[in-house]
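Down below is the structure, laid out as structure tokens.
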Amino acid sequence: METQVSNFIRSIVAGDMAAGKNNGKVITRFPPEPNGYLHIGHAKSICLNFGLAEEFNGHCNLRFDDTNPSKEEQEYVDSIMADVRWLGFEWGDRLYYASDYFGRLYDWAVQLIKQGKAYVCDLSFEEMRQYRGTLTEAGKESPYRTRSVEENIDLFERMRKGEFPDGSKTLRAKIDMRSGNINMRDPVMYRSKHEEHHRTGNKWCIYPMYDYAHGQSDSIEGVTHSICTLEYEDHRPLYDWYLDELGIHHPQQIEFARLNLSHTVVSKRKLLRLVNEGYVSGWNDPRMPTLAGIRRRGYTPEAIRNFCERVGVGKKESLVDMALLEFCVREHLNKTAPRVMAVLRPFKVVITNYPDQEEYLDAINNPEDPDAGTRKVPFSKVLYIEQDDFMENPPKQFFRLAPGREVRLRYAYFIKCENVVKDDHGEITEIHCTYDPATRGGDAPDGRKVKATLHWVSAQHAIDAEVRLYDTLFTKEEPDDVEEGKDFTDYINPKSLEIRNGCKIEPSLKDAKHGDRFQFERLGYFCVDAVDSKPGSPVFNRTVTLKDEWAKIQKML
RNA sequence: UGGGGCGUCGGCAAGCGGUAAGCCAGCAGAUUUUGGAUCUGCCAUUCCCAGGUUCGAAUCCUGGCGCCCCAGCCA
């Protein structure tokens, strides 16, 4: 159970509950536009909205904000639903689409026209831009602003029927062209778009704008707290205006700062570019901050939810360190992932005094979880160890295998390096060691100690595997912060993916299935790639490394 | 005098007039058949700055400074 820290939205909701507002009900909603894949930033919003509903015994609706047919696709609605479920949230029968409300939205628009609060405007894009004014100068009223109610109703009706070409007419709210808030300068409510919608087909050729659709959709659903990101703060007066003019249920809009994560980008536009321009293999590339990518990388929903709770909710724009996300996965995987031995860069070791035989040794599946039990690992005369675990001329801080030195092979024996075999180029091809039969299992009866324990895999029993090692997608902490003349893609990390073939993994991994997660002892957490792994040619993704004291020391050497 | 926000440790973040929580990172030590995990200790006399109110201010007032967002018939 994760510990909760108070945040201002939780406080507002709790206060409203205590005051008996909304009949003591809390209804939130997660309203994605189906025009891209969900990413870690959305996860924060999902956790916030669904979390609040859970916490206060309310409901959270999943509503697709599909008011713009030119950008939205079914592929995205499917992926969004899969991602929300994967995160662990259920909306039950509360699945909605803004497009379901097109009829009511239209009727309300007519009502506003009748109230003299909306009019059909013939200004072109360019004219409207000019009439809007600037940030520091007031706008001018449209010459069409004074059309009669009858004419407006007639024109709007004909817009609906598709009598006018796209771009020639809009329905606008009649508010205040001199407002300091540009959103209030007679914002467009409806525009003509002779385009097929992924759900309503060709039924409509006028579509409502976000500002006009969102609040009313919230209202229809009985939403009590409409939580959105900071950039909508300026829109709140408009959100309130529509609801007040219509005289319908009025949810409270609350804005919070979106999540920014170091060494990555969290903007749909940029993620789309990474996909379209081939910097990554797709929306689910394990380096992507999308939920699909993160999932394929091996992250767990528990880790993501915990992360979202830890980053908090506020109004200050911030950049959260990737290290926190990594901490959260390690924390969860440490408790749950079975341990296994795998050698990524094999060095052949021959135990010269070991008989030509094989034996099976007991290995603990997860020291953090006694119920995980043990397994048998085969041992034999020829083994593989990690290249990084041997140095011919080690510095004094290195206490792994070196000539003349004794170390422990995990769950097996103490071995001592007697000599190395080199090829014509002076490259080491084999390490010859002797073992101490008395140390079977890893303890010396005479009580002598070794400084290091190495993981290993028996050569004749090993399975070959491909392992993909990932690093951050960007080298820059804040890739959005581009220098003059550069683009965020200039900061892409050329080493974000390293593919290692011929890795040696222990035989117990033979039946590992897509998505299965393991700790490769001393290396990190890995999962079976859900896309490319095949029986007989397994592929593993490194989710995250283990904390590595030695790596830290090496950097300082 | 366009409008709207935000400024508490290296990164997040509590705090709401009573004398700076917690987490990540970092550092030091203990422990360890993963240089993992675990455990201990250290890490903001100070809250953007300057005045003011008060017995007492990160919290209230005034004035500065800095940063972010807004001129789509996108969301």
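What you see below is based on every heavy atom in this structure, not just the backbone, and it leaves out hydrogens, waters and symmetry mates. By convention in this document, chain letters (A, B, ...) are assigned in the order of the sequence lines, proteins followed by strands, and residues within each chain are numbered from 1.
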Comparing nearest nucleotides in RNA chain B, the 5'-proximal residue of the pair A/R440, A/Y525 is A/R440
Report the residue (A/F520 or A/L319) whose heavy-atom-nearest nucleotide on RNA chain B is the more 5′ of the two.
A/L319
Using a 4.0 Å heavy-atom cut-off to protein, can you give one letter per nucleotide of nucleotides 70-75 of chain B, 5' to 3': B if the base is in contact, S if only the sugar-phosphate is, - if neither?
BBSBBB
Could you check whether [X] gets within reach of a base, just the sugar-phosphate, or nothing at all, counting any heavy atom under 4.0 Å?
X: A/E233; answer: sugar-phosphate
X: A/V313; answer: sugar-phosphate
X: A/R310; answer: sugar-phosphate
X: A/L409; answer: nothing
X: A/F307; answer: nothing
X: A/E326; answer: nothing
X: A/Q397; answer: base
X: A/R339; answer: base
X: A/Y207; answer: nothing

Please report the distance separating the [atom1] of [N] from the corresponding atom of [M], rounded so that it comes out in whole Å.
N: B/rC9; M: B/rG15; atom1: P; value: 16 Å
N: B/rA14; M: B/rU31; atom1: C1'; value: 33 Å
N: B/rC61; M: B/rC24; atom1: P; value: 36 Å
N: B/rA25; M: B/rA44; atom1: C1'; value: 16 Å
N: B/rU40; M: B/rU8; atom1: P; value: 30 Å
N: B/rU54; M: B/rU59; atom1: C1'; value: 13 Å
N: B/rG29; M: B/rU19; atom1: C1'; value: 33 Å
N: B/rG18; M: B/rG11; atom1: P; value: 28 Å

Go through the side-chain N and O atoms of A/Y239 and A/Q253 and say whether any donor and acceptor fall under 3.5 Å apart.
no
Syn versus anti for B/rG10, judged by chi lying within 90° of 0?
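Chi for B/rG10 falls in the anti range.
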Tell me: [atom1] of [X] to [atom2] of [N], nearest whole Å?
X: A/K335; N: B/rG36; atom1: NZ; atom2: P; answer: 17 Å
X: A/E477; N: B/rA25; atom1: CD; atom2: P; answer: 15 Å
X: A/E317; N: B/rG66; atom1: CD; atom2: P; answer: 18 Å
X: A/L230; N: B/rC67; atom1: CG; atom2: P; answer: 17 Å
X: A/I385; N: B/rG35; atom1: CD1; atom2: P; answer: 13 Å
X: A/M177; N: B/rG3; atom1: CE; atom2: P; answer: 17 Å
X: A/I553; N: B/rG26; atom1: CD1; atom2: P; answer: 13 Å
X: A/F256; N: B/rG5; atom1: CZ; atom2: P; answer: 18 Å

Residue of the set A/D166, A/L171, A/T170 for which side-chain contact (heavy atoms from CB on, under 4.5 Å) holds with A/S192
A/D166
Distance-only donor-acceptor test, A/E368 side-chain atoms vs B/rU38 base atoms, 3.5 Å:
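A donor-acceptor contact between them is absent.
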Sequence neighbours left out, what passes salt bridge (charged side-chain N to carboxylate O under 4.0 Å, His left out) with A/R199? Give chain and number order.
A/D100
Quick one: salt bridge (charged side-chain N to carboxylate O under 4.0 Å, His left out) partners of A/D389, sequence neighbours excluded?
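Listed in chain order: A/R400, A/R522.
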Indicate whether OP1 or OP2 belonging to [N] is found under 4.0 Å from a side-chain N or O atom of [X].
X: A/K449; N: B/rU32; answer: no
X: A/R522; N: B/rG35; answer: yes
X: A/T453; N: B/rU32; answer: no
X: A/K316; N: B/rU8; answer: yes

So that I can tick it off, tell me whether A/K376 and A/D362 are bridged by a salt bridge, with the cut-off set at under 4.0 angstrom between side-chain N and carboxylate O.
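Between A/K376 and A/D362 there is a salt bridge, with a charged N closer than 4.0 Å to a carboxylate O.
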Are A/V407 and A/F414 close enough that some pair of their side-chain heavy atoms sits under 4.5 Å apart?
no
From B/rG35, B/rU34, B/rA25, pick the nucleotide closest to the side chain of A/E521?
B/rU34
Checking [X] now: which residues fulfil side-chain hydrogen bond (donor to acceptor under 3.5 Å, both in side chains) with it, not counting sequence neighbours?
X: A/N7; value: none
X: A/R330; value: none
X: A/R178; value: none

How close do A/E386 and A/A342 get, heavy atom to heavy atom, and via which atoms?
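Residues A/E386 and A/A342, closest heavy atoms: OE1-O, 3.7 Å.
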